[in-house]
Amino acid sequence: MSDHHLTAKPWSGRFNEPTDAFVEAFTASVDFDRRLYRYDIEGSIAHARMLAQQGILSEQERDDIIQGLEQIQSRIAAGEFQWSVSLEDVHMNIESALTEAIGDAGKKLHTGRSRNDQVATDIRLWLRDEIDALRIAIGKLQTALLDKAEQEAETILPGFTHLQTAQPVTFGHHLMAWFEMLDRDRQRLADCQQRVNVMPLGAAALAGTTYPIDRQMTAQLLGFSAPAENSLDAVSDRDFAIEFCADASILMMHLSRFSEELIIWSSAQFGFIELSDSFCTGSSIMPQKKNPDVPELIRGKTGRIYGHLIGLLTLMKSQPLAYNKDNQEDKEPLFDTVDNLKGSLKVFAEMIPAISCRKQAMRQAAMQGFATATDLADYLVRKGIPFRDAHEVVGKAVAFGVAESRDLSEMSLAELQQFSDQIDEDVFEILTLEGSVSARDHIGGTAPAQVRQAIQRARQRIAE
Ligand code: ARG
């Protein structure tokens with residue numbers, strides 16, 4: 001950023017001494033808020049149209065302003081715009097360039113407006129778009145999960161509680177659990193977007209303006225659902241940013257849980273899956289290593305996303321109404337949250353199709369740990385034994401299996417009958433892994449037929 005020419009501050013009228021050079025750089029935000037330039041220009045164009053319609057600007061002034069701003073936008077997009085730290089932020093950089101380009105009409109653009117309502121408007125316009133993009137990115141990851149779940153609807157692995165083998169489940173069912181978590185994230189963001197999409201513009205510095213502005217018109221031009229009701233609240237409110245970071249934190253918490261499972265499953269001890277080489281790296285010292293870097297990094301990034309939520313909550317804590325310069329600190333956490341969410345979602349969506357399942361290892365693991373013990377208890381209940389007694393019977397059979405190092409399905413009928421005379425030859429069907437999963441045949445159950453139906457319904461949901 002070159003900044004050698006001396007630029008008069010738009011607020012220099014009241015000041016006798018120039019700003020200290022370090023203070024100038026310290027208080028400037030242009031290094032990061034220039035990212036908002038498109039939204040700043042979009043907001044200014046809507047504001048100019050409204051001012052002209054209300055007779056506050058002439059039609060000529062309006063047209064000059066719009067043309068000037070469009071040219072500035074092209075220059076910025078082409079990387080030909082000179083940003084100046086002494087002009088503090090994106091708003092004053094653009095306004096000053098406009099005045100340089102079109103003369104006095106440029107100085108009239110700020111009529112009935114303040115940077116306080118301007119910046120709040122810019123962030124909301126930006127975040128509204130980013131939420132759209134994030135919802136699409138979540139949808140892509142969800143689609144990858146659906147495709148994978150379809151392929152693996154019948155693949156059996158142990159389901160865990162307390163990370164101890166609990167009951168067999170289908171891998172498709174497990175993937176669909178992840179789908180559901182993401183679906184709530186997508187809904188939460190849509191809900192948050194409704195509160196993002198309210199227009200601060202017109203609040204001016206804090207109390208409104210003496211010009212006869214038409215806030216309905218500006219709101220309509222910018223696609224906001226309504227102008228903010230209260231001018232003090234409009235310039236000071238950052239609830240929407242906190243809410244977004246809370247939703248982002250929940251989403252990252254989900255991605256970190258998925259990551260953790262992928263990391264565990266790809267370890268030599270589990271060996272359930274193999275991640276594609278393109279999502280892993282090796283070790284500079286241990287030749288055998290293939291490290292799951294991508295899920296590890298996403299798990300790690302969860303920390304900074306939570307940090308941004310706490311940062312924004314703390315930023316707003318105890319702030320008196322209305323705007324305070326503290327609020328300039330809202331942008332970097334938001335930008336970093338959006339960038340990291342987008343990256344994490346993109347890489348996850350590409351990683352899922354590239355996972356290969358080691359079905360034999362999954363199966364083998366499901367055979368250990370007496371995963372069909374509940375099935376045996378349910379079988380006894382169907383034969384008329386009360387559930388608590390059946391639980392006791394099966395517990396004894398499991399103890400026997402532990403001592404003998406054999407699964408329930410590996411015992412003879414005679415051995416099983418030591419524990420209950422209600423056990424017949426038909427018990428072996430329910431002790432198989434397939435028998436166990438396909439018996440859980442109701443909405444939300446792990447049976448392959450149910451998983452396929454759940455995938456169908458899910459495809460409809462994300463198409464809506
Ligand atoms: N750069 C400022 C921010 O990001 C813009 C608003 C400044 N308003 C003011 N009165 N200093 O919040």
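Both ligands and their constituent atoms are indexed starting at 1 by order of listing. Remember, predicted model here, so these are calculated numbers, not experimental data. Along the sequence shown, the residues carry numbers beginning at 1. Side chains included, hydrogens not; waters and symmetry mates left out as well; all remaining heavy atoms used.
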Under 4.0 Å from any heavy atom of Y323, which atoms of ligand 1 are there?
-> 2 (C), 3 (C), 6 (C), 7 (C), 8 (N), 9 (C), 12 (O)
Kindly indicate whether the side chain of L334, heavy atoms from C-beta on, has any atom under 4.5 Å from the side chain of E130.
-> no
Minimum-distance protein heavy atom relative to atom 4 (O) of ligand 1 | K331 NZ, 2.6 Å
So which protein heavy atom does atom 11 (N) of ligand 1 come closest to, and at what separation?
-> R115 NH2, 3.5 Å
Short N-O contact, D104 and K107, less than 4.0 angstrom | yes
Atom 9 (C) of ligand 1 has as its nearest protein heavy atom N116 OD1, 3.5 Å
Element-labelled atoms of ligand 1 that are located less than 4.0 Å from some non-hydrogen atom of Q328 | 1 (N), 2 (C), 3 (C), 4 (O), 12 (O)
Going by atom types alone, do D191 and Q187 pair a side-chain donor with an acceptor below 3.5 Å?
-> no
Just jot down the side-chain contact (heavy atoms from CB on, under 4.5 Å) partners of Q460, sequence neighbours excluded, or say none.
-> none
Around atom 5 (C) of ligand 1, find the nearest protein heavy atom and jot down its residue, atom name and distance.
-> D89 OD2, 3.5 Å
Any sub-3.5 Å donor-acceptor pair from H174's side-chain atoms to G159's backbone N or O?
-> no
Can you sort out which atoms of ligand 1 are near S29, meaning under 4.0 Å from one of its heavy atoms?
-> 1 (N)
Determine yes or no for a side-chain-to-main-chain donor-acceptor pair under 3.5 angstrom, with K9 supplying the side chain and E88 the backbone.
-> no
